[in-house]
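Keep in mind that what you see is a predicted model, and the values were worked out from it rather than measured. Lettering of chains follows the sequences in order, A, B, ..., and the numbering in each one begins at 1.
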Number of protein chains: 2
Amino acid sequence: MNDEATVVELNHESRLQSEDHQSIRLWLRLLTCTNMIEQRLRARLREEFATTLPRFDFMAQLDRAPDGLTMGELSQRMMVSGGNVSGIANQLSGEGLIDRSPVPDNRRTLCVTLTDKGRKRFADMAAAHERWVVEMLGNLSQVEHQLIMTHLAQLKRGVTALET
Amino acid sequence: MNDEATVVELNHESRLQSEDHQSIRLWLRLLTCTNMIEQRLRARLREEFATTLPRFDFMAQLDRAPDGLTMGELSQRMMVSGGNVSGIANQLSGEGLIDRSPVPDNRRTLCVTLTDKGRKRFADMAAAHERWVVEMLGNLSQVEHQLIMTHLAQLKRGVTALET
DNA sequence: ACAAAACATTTTATATTTAAAATGTTAATA
DNA sequence: TATTAACATTTTAAATATAAAATGTTTTGT
């Protein structure tokens, strides 16, 4: 329902015009960038490894923590609810990619680790994943990378600083 | 399962260490920032307006397009699947917030518009939404805003430029 | 020691999301 | 004009997500 002359930006930012507030613009651009990258990664993971982004993320967190993580730690790091983590853990456990073992000190917690099979499986995916991300972001220079990192760090600080 | 000395960054970036590639770091920081903001907005919309982010986004796209949008246009702009848009449209239509009317030229397409009720409802939410975003991003200076916008624009170009 | 609070996780119910198949419509072309 | 391809949307099935309740464990305060 656009007339021909309209410049169509087919994403979130299309909602905006010049009078709108700068912060909203920034937020929508951030959202657009993230969504674009996320969708490409999701599609590739499905096509080439028949898996999903949440499952990849789950395994990535474990790969970075050789001593394992509790369910709660996984939930926090993945930024999703506890129930969500439980469900994904059930799947991966059923496929023999992770182990869940009790902790001596605290019978409330479970320690989740990658199995050998899981670690091998993840290694393949991680290499491809890194190639894809570099493909998407690699056109930025070292300096630009650093600048954006710094700016996003400050942005993050501002958001984190707010209560609740 | 972290020992005491470990610095715990409770988000996606915790997966990384210094040897990892810069592009991955940038991607994960982007993802973390977006998720943090998204979760806050989602919680606020639920608490104060008993609605969801996708529903807000749907209405926001329509508010910016007084002549209405087709389902496909909504899908593209919201960056979600067609089936998703159908579901949200059913809800909003059931609540009398949008209209779906056939288009004379093309019986395949539907033109979706906000009802008066929908437009009023959205106006309230949009004002609050803008306050929340400014609260989160407003600590950045004008100059920083502009810098990040520019950098993200270039990042976006790089991603868009890829085939598929 | 006991009650109450905090904690870690799972379960439940519901909503969202996606990809892919199905349906119906229009355009292209041979 | 048939036939095929492209298009717009909805439906379906499976996965993912959330909030809130339930369960069991540990800590705290009295």
Salt bridge (charged side-chain N to carboxylate O under 4.0 Å, His left out): pairs with one or both residues in residues 102-118 of chain B, sequence neighbours excluded: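 Checked against salt bridge (charged side-chain N to carboxylate O under 4.0 Å, His left out) - neighbours excluded - no pair reaches residues 102-118 of chain B.
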
Residue pairs involving residues 84-98 of chain A (criterion salt bridge (charged side-chain N to carboxylate O under 4.0 Å, His left out); sequence neighbours excluded):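 Matches after skipping sequence neighbours: Arg55(A)-Glu95(A).
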
Under the side-chain hydrogen bond (donor to acceptor under 3.5 Å, both in side chains) test, residues paired with His151(A) that sit two or more places apart: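 Once residues adjacent in sequence are excluded, His151(A) has no partner under the side-chain hydrogen bond (donor to acceptor under 3.5 Å, both in side chains) criterion.
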
Salt bridge (Lys or Arg N to Asp or Glu O under 4.0 Å) between Glu135(B) and Arg40(B), intermediate numbers included: CA-CA 11 Å; Glu135(B) 188 181 308; Arg40(B) 281 164 190 271; over 6 Å; no

Side-chain hydrophobic cluster, 4.5 Å single linkage: members besides Val143(B):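 Cluster partners of Val143(B): Leu147(B).
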
In whole Å, I'd like the distance from the [atom1] atom of [X] to the [atom2] atom of [N].
X         : N       : atom1 : atom2 : value
Arg100(B) : dT9(D)  : CZ    : C1'   : 11 Å
Asn90(B)  : dT9(D)  : CG    : C1'   : 11 Å
Asn35(A)  : dT17(C) : CG    : C1'   : 12 Å

Sub-4.5 Å side-chain heavy-atom contact between Asn90(A) and Arg100(A):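 When only atoms from C-beta onward are counted, Arg100(A) and Asn90(A) do touch, with a gap below 4.5 Å.
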
Side-chain heavy-atom pair Leu30(A), Ile148(B) within 4.5 angstrom cut-off: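 When only atoms from C-beta onward are counted, Ile148(B) and Leu30(A) do not touch, as no gap falls below 4.5 Å.
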
Where protein sits on nucleotides 3-8 of chain C, one letter per nucleotide: B base, S sugar-phosphate only, - none, heavy atoms under 4.0 Å: ---BBS

Contact state string [nucleotides 14-23 of chain D, B base, S sugar-phosphate only, - no protein heavy atom under 4.0 Å]: -SSSBS----

Heavy-atom donor-acceptor pair, Arg77(A) side chain to Leu69(A) backbone, under 3.5 Å: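 Judged by distance alone, no pair lies under 3.5 Å.
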
Residue-phosphate contact under 4.0 Å: Arg107(A) side-chain N/O, dT26(D) OP1/OP2: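 For Arg107(A), the contact criterion (side-chain N or O under 4.0 Å from OP1 or OP2 of dT26(D)) is met.
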
